[in-house]
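So the structure is just underneath, and the comments pick up after that.
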Amino acid sequence: MAETNFVDYVKIFCRSGKGGRGSTHFRREKYIPKGGPDGGNGGDGGNIILRGNRNYWTLLHLKFQRHIFAGHGEGGSRRNSSGKKGENKVIEVPCGTVAYDAHTGEYLCDITDDGQEVVLLKGGRGGLGNTNFKSATNQAPRYAQPGEPYEEKWVILELKLLADVGLVGFPNVGKSTLLSVVSAAKPKIGNYPFTTLEPNLGIVSYRDDKSFVMADIPGIIEGASEGKGLGLRFLRHIERNSLLLFIVPADANDIHEEYNILLNELTEYNPELLDKRRVLAISKSDMLDDGLMHEISYDLPKVPYVFMSSITGFGIPALKDILWRELNSDEIVHVSASRESLVHRRLDIQSLEFEPEEEFEADLDDEYIEEDENYYEEDF
């Protein structure tokens with residue numbers, strides 16, 4: 001797909017269906033002039049449902065479908081006939097989508113599995129017909145329940161890519177090149193900063209037909225937490241990653257310092273990212289000889305590291321071994337292990353840009369006026 005087709009957050013207006021009104025009908029047929037109440041119940045309103053779909057990888061299909069309405073329940077009728085239920089509206093979203101209240105930023109739900117369904121907005125219940133209120137002392141009830149009203153809400157859907165390994169590094173350090181070498185992904189590669197403007201996913205093959213997913217996000221720079229460069233907008237895509245792979249080039253002035261800068265920007269964005277396992281890869285190591293690599297290794301962070309070069313393939317097998325070992329460590333919890341273990345913070349709405357909200361007027365059919373044919377039957 002084209003680069004501009006990657007959409008990782010949208011704002012939509014959702015409205016469930018209202019419940020149908022109960023009927024106040026009385027049975028009156030030939031030779032049965034006073035048959036008693038027989039008004040049916042109203043139908044339930046339709047729900048707004050989020051469903052995970054592994055065939056989607058972006059929220060593009062919702063970018064131009066901002067208003068999603070479920071069907072209203074129909075009113076009850078004579079002969080204890082219940083009204084038809086409103087049609088549910090199912091919103092297909094990619095796995096890894098999180099829903100937030102657009103006004104408060106409150107977390108609503110999380111879709112992580114294919115086929116998983118969550119009721120985002122529940123439709124109103126249908127009202128009871130007058131048949132439900134008859135008794136020995138009230139043989140001709142002339143009232144019924146109205147249906148419950150619908151629910152409506154502006155919702156922000158935010159996509160957080162599901163991957164095992166997330167690449168973290170400054171612009172133009174070789175993240176996209178590494179992804180293109182270890183997987184079949186074809187990210188844009190160029191000799192200038194911020195070549196990558198959107199996240200990319202690739203499946204990395206390992207021994208014995210094993211594999212894991214690697215995610216490449218746009219580079220971050222010092223001060224990104226204050227809005228410099230591309231800011232921290234795309235860091236949401238590594239919140240679900242099991243492991244973070246820091247990439248620092250071998251020609252950096254101070255590898256340890258650049259690593260600490262990256263770590264600090266992650267802390268400013270979300271301190272919980274520090275709990276993830278980390279691996280350091282020194283890229284462009286084809287410029288180093290054994291003596292330099294041995295000398296540099298004395299001043300590296302206390303994390304697993306590897307010297308590698310995407311151009312020559314040096315260190316790539318060793319990198320895969322380290323990543324696979326760390327991913328299968330007993331201390332790590334994979335992103336797919338349990339969605340209940342994920343901690344969701346309140347969304348910072350001010351950091352996202354949306355079009356102005358539209359005001360909605362009630363539809364003509366919102367005023368539920370039902371006149372039953374025999375509503376004004378006389379008492380027994």
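Bear in mind the structure is a predicted one, so any value in this text is a computation, not a measurement.
Among all heavy-atom pairs drawn from P37 and T131, the shortest one is O-OG1, 3.7 Å. The two atoms that bring L167 and K175 nearest to each other are CD1-O, 3.5 Å, heavy atoms only. Between C14 and L121, the shortest heavy-atom contact is O-CD1, 3.4 Å. Considering all non-hydrogen atoms of both residues, S23 and S77 come closest at CB-N, 3.8 Å. Between A281 and L319, the shortest heavy-atom distance links the atoms CB-CD1, 4.4 Å.
In this structure, L159 and Y56 have side chains that are not in contact, with every pair of non-hydrogen atoms separated by 4.5 Å or more. A heavy-atom distance below 4.5 Å is not found between the side chains of V303 and F246. The shortest side-chain heavy-atom distance between V155 and I48 does not fall under the 4.5 Å cut-off. V204 is not listed as a side-chain neighbour of W324, based on a closest heavy-atom distance of 4.5 Å or more. Taking 4.5 Å as the limit, every side-chain heavy atom of N53 sits out of range of all side-chain heavy atoms of R51. Proximity of L263 to P301: side-chain heavy atoms (C-beta onward) are nowhere separated by under 4.5 Å. In this structure, L62 and L157 have side chains that are in contact, with non-hydrogen atoms separated by less than 4.5 Å. The closest side-chain heavy-atom distance from P249 to E258 is below 4.5 Å.
In summary, the side chains of Y259 and D254 do not present any donor paired with an acceptor at a separation below 3.5 Å, with no hydrogens or angles considered.
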Take K276 and S242, measure what side-chain contact (heavy atoms from CB on, under 4.5 Å) needs, and give me the verdict at the end. CA-CA 7 Å; K276 297 182 180 293; S242 301; over 6 Å; no
Run the numbers on I296 and I282 for side-chain contact (heavy atoms from CB on, under 4.5 Å), then give the verdict. CA-CA 10 Å; I296 292 175; I282 296 91; 5.5 Å; no
Applying side-chain contact (heavy atoms from CB on, under 4.5 Å), run through V90 and E92 and close with a yes or a no. CA-CA 6 Å; V90 179; E92 302 279 355; 4.2 Å; yes
Does F307 form a side-chain contact (heavy atoms from CB on, under 4.5 Å) with L300? I'd like the steps, not just the answer. CA-CA 11 Å; F307 291 89; L300 292 179; 4.3 Å; yes
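A donor-acceptor contact shorter than 3.5 Å is absent between the side chain of E326 and the backbone of I322. With hydrogens and angles disregarded, no donor-acceptor distance shorter than 3.5 Å links the side chain of S82 to the backbone of G40. Although no hydrogens or angles enter the test, the distance criterion places a donor-acceptor pair under 3.5 Å between the side chain of E148 and the main chain of R125. Looking at D113, its side chain never comes within 3.5 Å of a backbone N or O of Q116 through a donor-acceptor pair. Formation of a donor-acceptor pair under 3.5 Å by the N47 side chain with backbone atoms of G123 is found in this model. Distance alone, capped at 3.5 Å, places no donor-acceptor pair between the D38 side chain and the N80 backbone. Looking only at distances, a side-chain donor or acceptor of T58 sits under 3.5 Å from a matching main-chain atom of V7. S283 places a side-chain N or O within 3.5 Å of a backbone atom of V173 that can act as its donor or acceptor partner. A side-chain donor-acceptor contact under 3.5 Å links S16 to the backbone of K122. When atom types are taken as modelled, the side chain of S135 and the backbone of N138 share a donor-acceptor pair closer than 3.5 angstrom.
The number of heavy-atom neighbours closer than 6.0 Å to NZ of K284, taken from other residues, nucleotides and ligands shown, is above 12. Within 6.0 Å of the CD atom in E29, the count of heavy atoms belonging to other residues, nucleotides or ligands exceeds 12. For D289, the CG atom is densely surrounded, since the number of other residues' heavy atoms within 6.0 Å is greater than 12. The local environment of NZ in K89 is sparse, with at most 12 non-hydrogen atoms from other residues, nucleotides or ligands closer than 6.0 Å.
Under the 4.5 Å side-chain heavy-atom criterion for Ile, Leu, Val, Met, Phe, Trp and Tyr, V165 and L274 are members of the same hydrophobic cluster. A continuous path of hydrophobic side-chain contacts links L128 to Y143 [ILVMFWY only; heavy atoms under 4.5 Å]. Residues I49 and I68 fall into different hydrophobic clusters, defined by Ile, Leu, Val, Met, Phe, Trp and Tyr side chains chained together at heavy-atom separations under 4.5 Å.
Salt bridge annotation for K153-E151: absent, with no cationic side-chain nitrogen under 4.0 angstrom from a carboxylate oxygen.
The CG atom of D286 lies 5.0 Å from the OG1 atom of T312; values are rounded to the nearest 0.5 Å.
Below 30°, between 30° and 60°, or above 60°: for F13 and H67 the angle between ring planes is above 60°, a perpendicular geometry.
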